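Beneath this line is the structure, given in structure tokens, with notes to follow.
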Amino acid sequence: MEQTQIFDVAIIGMGPVGATLANLLAGLGHSVVVLEREKAIFALPRAIHFDGECMRVFQNIGIAATLLPKIIPSPGMKFVDVAGEPIITWERSTDLGKHAWCESYKFYQPELEQALREQLQHYPRVDVRLRHEVFSVEPQDDRVTLRFEDTASGKIDALSARYVIGCDGARSTVRRFMGVELNDLQSHKQWVVVDTVLHQDKPELGFHSIQYCDPKRPCTYSRGPGLRRRWEIMLVDGDDAKQVTSDAWLWQQLQAWITPDEAVLQRAALYTFHSVVAKQWRTGRLFIAGDAAHQTPPFMGQGMAAGIKDAANLAWKLSAVLMGDKDAALLDTYASERLPHAREFIATAVKLGNVIQEQRLDDFGEHIGDSLKNFRTPQPHLGAGHFHSTPSPHNGEVAPQCFLRSGERVDDVAPYQAILLLHPDASATDAACKPDVQMIRTDSDSSLAYLQHLQARAVLIRPDRYVYGIASQDSDIVSLLASWQHQCAPQTAAVSV
Ligand SMILES: O=C(O)/C=C/c1cccc(O)c1
């Protein structure tokens, strides 16, 4: 079979994670082919929530302005008992926060996917192939050959890429070819997810997501944008799985909130909420990301979000290796950094799941009591990986996004590039930063306050917006930059998880 082109990267699966990864790689100038089994965007919602960090990734891709009118900030989530008394209260500010976006957003997945796909059209080196089903993944020394069927024509064909990323969901083909097993965090309950559209707003339903910890019938309410409202209903003993997606059963369950006069049922689907993490995320030139690498129960709204963070972690590393700037060993830091981070969110979602599904608070140990009334989103560091060799407790933590005096968000000055955020008086020249680091001198209260918090003269923020390292004194800046530009071997984050 004749091979005409070797792509830098082939992405299998064009859901939100695959499309995000394709945008990030294309923005860095790479040739990317995306092979997607379906003909069109799945027209119904699956994920419904993403956090401020994801919004920042979408900003770096260039779609924030497109998304803003379509999404709503979320004020958080409450877990309540049968009497309606709060068990856990998880408030989120709807003001602009750490990422210069709100902490939490609700969205309609087809609109996000549409925005990501439209953005990809700006890149001539991106080749999107819909209705293409990959059936063979053959790694070679310098490339991977994929064989696939164009299911529209029935034609079998092949192509090659330097790297292949499986963003192909829970039943990933790429993961199967990698021969990777899943670690099971032991939570697999069956739930019905029902999406509805109100005829008109019903304000008493509220803006918070509510987890009803009712032993007789655990369920979740979650508001979507516009008139979209979702309920998730756990199956209990005696339920007939064949009945639970019927209109009659669903309306009976929903009667405490809405009636058929007030809304239409858009979709109901039966899911088992798994909690699993793949034991390995890379084998040579093959990678997995998103649901292919990890699956979480939805109770933290982090399912898709974790995949978007995978994409942001992986794209710049693939680019650096493809450009010959870094050794391929850098690619091992994708899993070593991301896996513990994703696992922490999944483990927390399992604990929260035990509260709603089994009314068990014991997992929270000493945190039972008042602190559950003020639950905060975990902020784990990345695991061991690619950080400055000079240890700092800040290496591997997510960096805030500051506004500059002009009103501009810092990332907009250097979308998905490394940034050296520098004290205005620090002695360093732009020349020291070439070629891949954008030097930005702090000129606003918030950016100066951040350097003060770090007790640093400069901080090097990676393209995925995690801290690479800090310079405590002006004389450390050159070595910080040199380390970023020349270090290949992974360093350990000072605080590992
Ligand atoms: O984090 C949120 O605001 C909502 C998360 C969510 C959405 C749907 C179902 C859930 O159990 C949680």
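Everything quoted here is computed from the prediction, not taken from an experiment.
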Stepwise, does the side-chain hydrogen bond (donor to acceptor under 3.5 Å, both in side chains) test hold for Ser222 with His49?
CA-CA 9 Å; Ser222 197; His49 168 266; over 6 Å; no

Nearest-0.5 Å distance that lies between atom CZ in Arg229 and atom CG in Asp195:
11.5 Å

Check Gly383 against Pro340 and note the closest heavy-atom contact, atom names and distance.
CA-CG, 3.8 Å

Quick one: does Ile63's side chain get under 4.5 Å of Leu112's, heavy atoms only?
yes

Do His294 and Asp310 have side-chain N/O donor and acceptor atoms under 3.5 Å apart?
yes

Give a yes/no verdict on a cation-pi contact between Arg223 and Phe207, requiring under 6.0 Å between NZ or CZ and the six-membered ring centre and an angle within 45° of the axis.
yes

Side chain to side chain contact (heavy atoms under 4.5 Å, CB included), that's the test. Do Asp184 and His274 meet it? Break it down for me.
CA-CA 8 Å; Asp184 190 342; His274 293 293; over 6 Å; no

Contacts of type side chain to side chain contact (heavy atoms under 4.5 Å, CB included), residue Gln190, not counting sequence neighbours:
Leu235, Leu270, Thr272

Testing the basics here: between Ala292 and Asp168, what is the closest heavy-atom pair and its distance to 0.1 Å?
CB-OD1, 3.8 Å

For Arg37, the side chain to side chain contact (heavy atoms under 4.5 Å, CB included) test, sequence neighbours excluded, returns Glu133

What distance do Leu331 atom CG and Leu314 atom CG have between them, rounded to the nearest 0.5 Å?
7.0 Å

Show, in sequence, the C-alpha distance, side-chain angles and deciding distance for Thr196 and Glu262, and conclude whether the side chain to side chain contact (heavy atoms under 4.5 Å, CB included) test is met.
CA-CA 10 Å; Thr196 72; Glu262 293 174 303; over 6 Å; no

Does any part of the side chain of Ile258, heavy atoms only, come nearer than 4.5 Å to the side chain of Lys202, both counted from C-beta?
yes

Got a donor-acceptor contact below 3.5 angstrom from the Gln417 side chain to the Pro463 backbone?
no

No-hydrogen, no-angle side-chain donor-acceptor test under 3.5 Å, Thr333 and Ser336:
no

Please confirm whether the backbone N or O of Glu85 pairs with a side-chain atom of Asp81, one donor and one acceptor, at under 3.5 Å?
yes

Return the set of residues passing salt bridge (charged side-chain N to carboxylate O under 4.0 Å, His left out) with Glu181 (not counting sequence neighbours), or none when no residue passes.
Lys279

Under 3.5 Å, is there a donor-acceptor pair between the side chain of Glu36 and the main chain of Leu130?
no

Is there side-chain contact between Phe403 and Leu96, with at least one heavy-atom pair below 4.5 Å?
yes

Side chains of Glu53 and Trp101, donor plus acceptor under 3.5 Å:
no

Checking Phe50 against Phe58 for the ring-ring contact (aromatic ring centres under 6.0 Å, His included) test, could you report, in this order, the C-alpha distance in whole Å, the side-chain angles of both residues, the deciding distance, and whether it holds?
CA-CA 11 Å; Phe50 60 73; Phe58 299 141; 5.2 Å; yes

Would you verify whether the NZ or CZ of Arg282 falls within 45 degrees of the ring axis of Tyr334 while also being under 6.0 Å from that six-membered ring's centre?
no

Could you walk me through whether Asp214 and Lys216 satisfy the salt bridge (Lys or Arg N to Asp or Glu O under 4.0 Å) test, starting with their C-alpha distance in whole Å, then the side-chain angles of each, then the deciding distance to 0.1 Å, before giving a yes or no?
CA-CA 5 Å; Asp214 176 353; Lys216 289 206 186 98; 5.8 Å; no

Between Asn60 and Tyr416, the two heavy atoms sitting closest are OD1-N, 2.7 Å

Please evaluate residues Val194 and Arg230 with respect to the criterion side chain to side chain contact (heavy atoms under 4.5 Å, CB included), reporting the C-alpha separation (whole Å), side-chain torsions for both, the decisive distance (0.1 Å), and the verdict.
CA-CA 6 Å; Val194 53; Arg230 171 176 288 184; over 6 Å; no

For a quick test of reading the model, state the closest non-hydrogen atom pair linking Leu116 to Ala19 and the distance between them.
CB-CB, 3.8 Å

Nearest 0.5 Å, please: how far is OG1 in Thr220 from OH in Tyr212?
9.5 Å

List the atom pairs, donor and acceptor, that lie under 3.5 Å between side-chain atoms in residues 451-458 and the rest of the protein, sequence neighbours left out.
from	atom 1	to	atom 2	distance (Å)
Arg457	NE	Asp474	OD1	2.7
Arg457	NH2	Asp474	OD2	3.4

For His199, give me all partners under ring pair (Phe, Tyr, Trp, His ring centres under 6.0 Å), at least two apart in sequence or on another chain.
none

Using the test side chain to side chain contact (heavy atoms under 4.5 Å, CB included), find all partners of His208 that sit at least two apart in sequence or belong to another chain.
Pro75, Lys78, Glu91, Ile210

Side chains of Val9 and Val164: closer than 4.5 Å at any heavy-atom pair?
no

Go through the structure and list residues passing ring pair (Phe, Tyr, Trp, His ring centres under 6.0 Å) with Tyr450, not counting sequence neighbours.
none

Taking every non-hydrogen atom, the tightest pair across Ala399 and Val467:
CB-CG2, 4.0 Å

For a side chain to side chain contact (heavy atoms under 4.5 Å, CB included) with Gln211, tell me which candidate from Gln357, Met77, Glu232 qualifies.
Met77

Between Tyr468 and Asn395, is there a side-chain heavy-atom distance shorter than 4.5 Å?
no

Are His188 and Phe273 an aromatic pair by the rule of ring centers under 6.0 Å?
no

Set of residues satisfying salt bridge (charged side-chain N to carboxylate O under 4.0 Å, His left out) with respect to Lys351, sequence neighbours excluded:
none

Would a 4.5 Å heavy-atom cut-off, applied to side chains only, mark Leu372 and Leu361 as touching?
yes

Could you tell me whether the side chain of Gln59 reaches within less than 4.5 Å of the side chain of Gln401, counting heavy atoms only?
yes

Just do the side chain to side chain contact (heavy atoms under 4.5 Å, CB included) check on Thr20 and Val57 with the steps written out, would you?
CA-CA 8 Å; Thr20 296; Val57 175; 3.9 Å; yes

Considering only heavy atoms from C-beta outward, does the side chain of Arg217 approach that of Val236 to under 4.5 Å?
yes

Return a table of donor-acceptor pairs under 3.5 angstrom between the side chains of residues 298-306 and protein atoms on other chains or two or more places apart.
from	atom 1	to	atom 2	distance (Å)
Gln302	OE1	Lys309	NZ	3.2
Gln302	NE2	Asp51	OD2	2.8

Tell me, please, which residues at least two apart from Tyr221 pass ring pair (Phe, Tyr, Trp, His ring centres under 6.0 Å).
Trp231

To check you understand the geometry: which heavy-atom pair defines the closest contact between Ile308 and Cys54, and what is its length?
CB-SG, 3.9 Å

Just how far is it from atom CD1 of Ile71 to atom SG of Cys102, taken to the nearest 0.5 Å?
8.0 Å

Residues two or more places apart in sequence or in another chain: which of them pass side chain to side chain contact (heavy atoms under 4.5 Å, CB included) with Gln280?
Val180, Thr283

Establish, from distance only, whether the side-chain atoms of Ser209 and Trp90 form a donor-acceptor pair under 3.5 Å.
no

Is Ser319 reaching over with its side chain to a backbone N or O of Ala315, donor-acceptor style, under 3.5 angstrom?
no

Partners passing salt bridge (charged side-chain N to carboxylate O under 4.0 Å, His left out) against Glu103 (at least two apart in sequence or in another chain):
Arg376

